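Here is the structure we will look at.
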Amino acid sequence: MSGLFGDWDGSAADARRVQQRLAAEVMLRDDAPEAPRWLGGFDVGFEDAGAITRAAAVLLAADTLQPVATEVVRVPTSMPYVPGLLSFRELPALVAALERLPHTPDLVFVDGHGIAHPRRLGIAAHFGVVTGLPSIGVAKNVLCGRHDPLGALAGEHVPLLHRGEQIGWALRSKVRCNPLLVSPGHRVSMQGALDAVLRTLRGYRLPEPTRLADRLASRRD
DNA sequence: GCGACAG
DNA sequence: ATCTTGTCGC
């Protein structure tokens, strides 16, 4: 593949065309050959009033969920945030951080949506397609679609629907916290995405991979 | 035409 | 996303 965005000409209209083309390559089946050994957590933050994009990558052992390596990459911010085009702004930094990890993750969790996107190519799905890695999107807010009211207990979940199809799940990951929006990115099924997030929750609203990356990207750690 | 709109 | 301490509620 020629780069993260193919032959994108830089315009918003063309970015949407590129998304439609890449969305056709998304694979929504669990085809992981074996039990994942390494998990990856990815998120982006900003410095200098947005002038610098700060990408964080965390590698965790799948069995213990303990971090074994972290990477932070800082690059000049290339474009403003445009709803629906988040990956064009954040993906380059995230992939750079991925390439610096000592091991390639077997399954990746990205802060943002997977296929729960107008053209079914949120940043987690885009990340998966260009890297070829199984990926899952974990977002804190809805971009498109809607869902029924959610129960108050941790673990309760309902489908996130858009144009008559399920694009993800609204998940109460922790009591008294707003639900998470979970959606498959690439090489993961709808059920597989939910199961993977449930398995990596450890008492916080965010699953460990994304929670640790979040702390690094937002300067807190 | 009028809102909504990941991070 | 980010600017930012204490504070209300469970």
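We name chains A, B, ... by the order of the sequence lines, and we start the count at 1 in each one. Please read all numbers here as calculations on a predicted model, not as lab measurements.
Using a 4.0 Å heavy-atom distance criterion, F46(A) is classed as a sugar-phosphate-only contact. In this structure, G122(A) reaches the bases: a heavy-atom distance under 4.0 Å links it to at least one base atom across the strands shown. Across all strands shown, L181(A) has no heavy atoms under 4.0 Å from either base or sugar-phosphate atoms. Within the nucleic acid shown, L85(A) comes within 4.0 Å of at least one base atom, counting heavy atoms only. Backbone-only contact: V142(A) has heavy atoms under 4.0 Å from sugar-phosphate atoms and none from a base. At a threshold of 4.0 angstrom between heavy atoms, the contacts of G84(A) include nucleobase atoms, whether or not backbone atoms are also involved.
The CD1-C1' distance, from I123(A) to dA1(C), rounds to 12 Å in whole Å. As a whole-Å value, the separation of L143(A) CG from dA1(C) C1' is 14 Å. When rounded to the nearest whole Å, the span between CG of D43(A) and C1' of dT2(C) equals 13 Å. A straight line from CE of M79(A) to C1' of dG7(B) spans 12 Å, rounded to a whole angstrom. dA6(B) atom P lies 21 Å from atom CD1 of I136(A), rounded to whole Å. The CG-C1' distance, from N141(A) to dG7(B), rounds to 9 Å in whole Å. Between the CG atom of L216(A) and the P atom of dA1(C) there is a distance of 15 Å, given to the nearest Å. L160(A) has its CG atom 13 Å from the P atom of dC5(B), to the nearest Å.
E165(A) contributes no side-chain N or O that, together with a main-chain N or O of L161(A), makes up a donor-acceptor pair within less than 3.5 Å.
A stacking contact between Y81(A) and dA1(C) is absent: the pair does not combine a ring-centre distance of less than 5.5 Å to the base's six-membered ring with planes differing by less than 30°.
Here the CG-CZ distance, from L180(A) to R205(A), works out to 5.5 Å after rounding to the nearest 0.5 Å.
Using cut-offs of 30° and 60° for the angle between ring planes, the F88(A) and F5(A) rings count as parallel.
You'll find that the side chain of K140(A) is closest to dG7(B), out of dC10(C), dA6(B), dG7(B).
Contact between G114(A) and A124(A) at its shortest, heavy atoms only, is CA-CB, 3.8 Å.
Salt bridge status for E47(A) with R54(A): present, with a side-chain N to carboxylate O gap under 4.0 Å.
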